[in-house]
Amino acid sequence: MNWQLVTFYILGLVILYAAYRVVTSAVITHAALWLAVALVGVAGIYLQLQAEFLAIIQVLIYVGAIVTIIIFAIMLSPLREIKTEEKDRRGGATRMGRAVASVEWGLAPVAAGLLFALGMTWAYSRQAWPVGSVPPGLITEPLGKSLMTTYLLPFEVASVLLLVAMVGAIVLAIRGQK
Amino acid sequence: MVSLHGYLVLAAFLFGLGLYGALARTNAIRILMAIELMLNAVNINLVAFAQYLTPGLVTGAVFAVFVITVAAAEAAVGLAIVLLVARQRGVIEVDKINLMKW
């Protein structure tokens, strides 16, 4: 029994199903919670790739901060229609069918998504990658060292970006109060 | 052992779902969520390539850290803008926010 492969398939199914529900579920609060499921699954993929630091910050930042922000935004928003079901304009049998029917271009988004996924799969299958293996060591120590030496400038720029985004979000929120 | 292909195909389908969501849905908050899905797919690709093709180097992981940072900033500012528009104009559907569209 190849447990790595089994784990990968389970994680992949969970991620893809949760992502499908994020895109198609009618109530947007449910979509936010399914997004949390998908992001935890991606953290599992990182763990399987021996990138344990990324798995931890994935759970901390994405699930702990971004999904929480999204749920807060949904809960605090004054509009009822954010929280309730999106109106389907033409109707359809299945959930996907209703989602397809609710846009003006009909099948074009489905075609775009499927074409992208299948096209990339086809392109990957034509390429013979050099067979490597995931190194057994932990990633945290070399990652921290390179963030403090080689990538010090981008690291500082990223922190300035976060500061600017925080100030900008606060300014937008205050301006909306008046 | 999972091959590199497995991760790449999973990331491609996750990106496809996110692309479909960003194109097909009209709720601004759901479009932001679909963009987060796409960024996650890109991150899986980055980490998988880094771990399989350049073992011992952490360049791909560093890039993934920056992508997560930018995603956090994007979520904060994007949601602030969406809430501001929702409060001032009373709509959340992106095809009805057409003030600057001729």
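Quick caveat, the model's predicted, so the values are computed rather than measured. Every chain is numbered from 1, with letters handed out A, B, ... down the list of sequences. All values below were derived from every heavy atom in this structure, side-chain atoms included, with hydrogens, water molecules and symmetry-related copies excluded.
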Exercise. How many angstroms lie between CZ in B/R25 and OG1 in A/T24, if you round to the nearest 0.5 Å?
Worked result: 7.0 Å
For this session: Please round to the nearest 0.5 Å and tell me the distance separating atom CE of A/M120 and atom CG of B/N45.
Result: 7.0 Å
In terms of heavy-atom proximity below 4.5 Å to chain A, should [X] be classed as side chain, backbone, both, or neither?
| X | result |
| --- | --- |
| B/F13 | both |
| B/F63 | neither |
| B/A71 | both |
| B/L79 | side chain |
| B/I81 | both |

So for [X], is it side chain, backbone, both, or neither that comes closer than 4.5 Å to the heavy atoms of chain B?
| X | answer |
| --- | --- |
| A/Y46 | side chain |
| A/A65 | neither |
| A/L35 | side chain |
| A/Y62 | side chain |
| A/A32 | both |

For this session: With a 4.5 Å cut-off on heavy-atom pairs, point out which of B/A73, B/A50, B/A75, B/A64 contacts chain A the most.
Result: B/A73
Exercise. When heavy-atom pairs shorter than 4.5 Å are enumerated against chain A, which of B/A80, B/A41, B/G18 gives the highest number?
Worked result: B/A80
May I ask whether [X] and [Y] are part of the same hydrophobic cluster, defined by side-chain heavy atoms of I, L, V, M, F, W, Y residues being less than 4.5 angstrom apart, directly or through others?
| X | Y | answer |
| --- | --- | --- |
| A/I45 | B/L53 | yes |
| B/F49 | A/L47 | no |
| A/Y9 | A/Y20 | yes |
| A/M148 | B/V65 | yes |
| A/L33 | A/M75 | yes |

For this session: Tell me who clusters with A/L161, hydrophobic residues only, linked when side chains sit under 4.5 Å apart either directly or through other members.
Result: B/V70
Any idea which of [options] has the most non-hydrogen atom pairs under 4.5 angstrom with chain B?
| options | result |
| --- | --- |
| A/L54, A/I69, A/L39 | A/L54 |
| A/V157, A/T121, A/L11 | A/T121 |
| A/L16, A/L162, A/L115, A/L118 | A/L16 |
| A/V164, A/L49, A/I57, A/V42 | A/L49 |
| A/V22, A/V67, A/I61 | A/V22 |

Closest heavy-atom pair and its distance - [X], [Y]:
| X | Y | answer |
| --- | --- | --- |
| B/R30 | A/A26 | NH2-O, 3.5 Å |
| B/H5 | A/Y124 | NE2-O, 2.8 Å |
| A/A38 | B/L37 | CB-CD2, 4.2 Å |
| A/L143 | B/A61 | CD1-CB, 3.9 Å |
| A/Q50 | B/Q51 | O-NE2, 3.5 Å |
| B/V58 | A/S146 | CG2-OG, 3.3 Å |

When you compare the side chain of [Y] with that of [X], does any pair of heavy atoms fall below 4.5 Å?
| X | Y | answer |
| --- | --- | --- |
| A/V23 | B/M33 | no |
| B/N40 | A/Q58 | yes |
| B/L32 | A/I70 | no |

Exercise. Under 6.0 Å between ring centres, would you say that holds for A/F155 and B/F66?
Worked result: no
Exercise. Who pairs with A/I170 by side-chain contact (heavy atoms from CB on, under 4.5 Å), at least two apart in sequence or on another chain?
Worked result: A/M166, A/I174
For this session: Report the relative orientation of the aromatic rings in A/F116 and B/F15; use parallel for angles under 30°, tilted for 30 to 60°, perpendicular for over 60°.
Result: tilted
For this session: Could you tell me whether A/E52 atom CD has more than 12 heavy atoms of other residues or ligands within 6.0 Å of it?
Result: yes
